[in-house]
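Every number for a ligand or one of its atoms is a count from 1 in the order of the listing. Every heavy atom of this structure was used, including side-chain atoms; hydrogens, water molecules and symmetry mates were not.
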Amino acid sequence: MTLPSSTLSGGLSRRNFLRAAAASSALAGLPFVTEAHLAHAAIPKFAPSDQGIHIDANENPMGPCESARKAIAAIIPNGGRYLFDKEIGFSDLFARQQGLDPEMVVAYAGSSEPLHLTVRAFASPTRPLVVADPSYEAPIWAAQSINAPILKVPLSDPKGAATHDIPAMLAASSTPGVIYICNPNNPTGTLTPFEQIEKAIDSVPKGSVVLVDEAYIHFTDAPSCISLVKQGKNVLVLRTFSKLYGMAGIRMGFIVGSPDLLKKVQPLGGQNPLPITAVAAARASLLDPELVPTRKKVMAGLREENIAFLRSHGYAVTPSVSNCFMVNVGKPGKQVQAAMAAKEIYIGRVWPAWPDSVRITVGTQSEMAAFQNAFVQVMQTNTAGLEPPALHPRLQQTPFSHLS
Ligand code: PLP
């Protein structure tokens with residue numbers, strides 16, 4: 001997968017702007033792109049989900065917690081009804097737990113949709129999207145779909161903390177539409193200090209918004225930017241149940257912000273009733289006080305063990321606090337990805353900014369043991385010339401063919 005060449009580092013020259021507009025006009029109107037599409041587009045062959053080891057899409061192999069599974073089973077007999085009251089009750093529960101007014105929370109079937117809609121609402125051909133590089137690509141595709149210029153700002157200290165370079169992101173445009181901050185960042189798993197994000201929020205000009213994507217925040221001890229929403233600041237926060245909560249396939253997420261900001265996002269989409277199974281499972285998950293601390297601990301143990309393993313073999317790994325990290329393999333990451341896939345171990349994709357690194361999602365103990373074993377073998381072989389990934393056959397026939 002190659003991102004359109006319209007992406008920019010630093011300033012937005014006129015030439016690049018025109019190139020961006022030309023490249024993206026062909027893409028205008030595209031549906032939103034998610035981690036699932038990006039991960040599938042990057043795997044070297046059609047890999048059924050029940051074959052091999054999939055540590056390529058930042059999923060959670062633990063799946064929904066026990067109480068969520070029971071809640072799904074219990075709601076099934078009511079599946080012939082819309083149960084709108086349960087949907088409202090569920091987002092009100094989240095609002096109560098977070099100390100928010102109910103109208104500051106909107107639930108969606110995953111956070112991909114509000115992410116996409118926020119970019120569409122605030123970015124435009126004259127108001128760029130500002131993103132870190134490497135970071136999650138979905139907002140970039142959203143910006144492409146509306147011909148909004150994209151300003152990519154390298155992560156600061158790429159060999160060390162690999163955090164968002166907030167001063168450079170703020171300097172990238174005097175009229176940004178959206179400044180997207182993924183915290184912890186996908187793919188590096190690294191954390192940008194709260195104070196710096198707050199500074200970004202306090203500094204953006206009128207008409208711009210900071211979008212803080214907290215898809216992976218539950219794996220960390222970091223303070224959430226939801227507190228800044230409560231203070232009435234110019235920020236929208238995304239949350240998902242796809243990561244720690246293990247509900248990527250069941251689909252649930254939130255956007256959190258002031259009613260004024262949400263009013264700009266909501267009319268663009270999101271009125272579709274939510275699946276009642278997802279509402280029931282997400283509600284049960286929110287009510288389980290042990291879930292976050294228990295899973296956070298399990299993840300930390302597995303992640304640290306794997307990072308230590310890789311470092312002990314001489315590889316540089318990002319200081320992740322999340323469920324994924326980047327490992328520098330010292331040669332084209334796509335070759336290593338292809339060689340691992342030949343062993344039916346599907347590791348994450350490569351970001352153009354860091355071509356010698358691959359993203360690894362932390363899977364189960366046994367999955368990671370298989371990963372370690374295969375990785376050591378692959379790194380001892382000559383991977384030169386291995387085929388770059390081919391696009392998943394289904395994606396070739398859909399509007400997502402541009403991901404190849
Ligand atoms: N944001 C980030 C940073 C992600 O990595 C993902 C998925 O991987 C999402 C948002 C969207 O997840 P979902 O639509 O499953 O909630």
(message) Can you check which of Asp213, Leu38, Asn186 brings a heavy atom nearest to atom 2 (C) of ligand 1?
(response) Asp213
(message) Does only the side chain of Phe241 get under 4.0 Å from ligand 1, or the backbone, or both, or neither? Count heavy atoms.
(response) neither
(request) Of the side chain and backbone of Tyr245, name the one, both, or neither that has a heavy atom under 4.0 Å from an atom of ligand 1. (result) neither
(request) Could you list the atoms of ligand 1 found under 4.0 angstrom from a heavy atom of Ser242? (result) 13 (P), 15 (O), 16 (O)
(request) Indicate, as side chain, backbone, both or neither, the part of Lys243 found under 4.0 angstrom from ligand 1 when only non-hydrogen atoms are considered. (result) side chain
(request) Distance to 0.1 Å, residue and atom name: give those for the protein heavy atom nearest to atom 16 (O) of ligand 1. (result) Thr240 OG1, 2.5 Å
(message) With nothing but distance in play, are any N or O atoms of Tyr136 less than 3.5 Å from an N or O of ligand 1?
(response) no
(message) Does this structure show an ion pair linking Glu35 with Lys243, if we count only N-O contacts that are shorter than 4.0 Å?
(response) no
(request) Decide, yes or no, whether a salt bridge links Lys233 with Glu198 under the criterion of side-chain N to carboxylate O below 4.0 Å. (result) yes
(message) If you take the nearest heavy atom of each of Ser111, Ala138, Ser135, which one is closest to atom 10 (C) of ligand 1?
(response) Ser111
(message) Less than 4.0 angstrom from a charged side-chain N to a carboxylate O is my criterion; do Lys296 and Asp221 meet it?
(response) yes
(message) Quick check on contacts: which atoms of ligand 1 are under 4.0 angstrom from a heavy atom of Ala215?
(response) 1 (N), 2 (C)
(message) Checking the side chain of Lys343 only, and the main-chain atoms of Gly52 only, is there a donor and an acceptor separated by less than 3.5 Å?
(response) no
(message) Are any of the N/O atoms on Arg251, whether in the backbone or the side chain, positioned under 3.5 angstrom from an N/O atom of ligand 1?
(response) yes
(request) Select one of side chain, backbone, both or neither to describe which atoms of Ser112 lie under 4.0 Å from any atom of ligand 1, heavy atoms only. (result) both
(request) Look at ligand 1 and say whether Cys182 reaches it with a heavy atom at a distance under 4.0 Å. (result) yes
(request) For ring-ring contact (aromatic ring centres under 6.0 Å, His included), just list the numbers for His218 and Tyr245, CA-CA rounded to whole Å, side-chain angles, deciding distance to a tenth of an Å, and then say yes or no. (result) CA-CA 9 Å; His218 309 96; Tyr245 291 102; 5.0 Å; yes
(request) Determine yes or no for a side-chain-to-main-chain donor-acceptor pair under 3.5 angstrom, with Thr192 supplying the side chain and His164 the backbone. (result) yes
(request) Could you tell me whether ligand 1 has any atom less than 4.0 Å away from a heavy atom of Tyr180? (result) yes
(request) Write out the residue and atom name of the closest protein heavy atom to atom 5 (O) of ligand 1, then the distance separating them to 0.1 Å. (result) Tyr216 OH, 2.6 Å
(message) What I want to know is whether Asn58 and ligand 1 share at least one N or O pair that is separated by under 3.5 angstrom.
(response) no
(request) Determine yes or no for a side-chain-to-main-chain donor-acceptor pair under 3.5 angstrom, with Gln335 supplying the side chain and Leu386 the backbone. (result) no
(request) Return yes if some donor-acceptor pair links the side-chain N/O of Glu367 with the main-chain N/O of Ile55 below 3.5 Å, else return no. (result) no
(message) Under 4.0 Å from a heavy atom of Gly110: which atoms of ligand 1 are those, numbered in the order shown and with their elements?
(response) 14 (O), 16 (O)
(message) Do the side chains of Glu305 and Arg311 get close enough for a salt bridge, i.e. N-O under 4.0 angstrom?
(response) no
(message) Strictly below 4.0 Å, N to O, side chains only: are Lys331 and Asp356 in salt-bridge contact?
(response) no
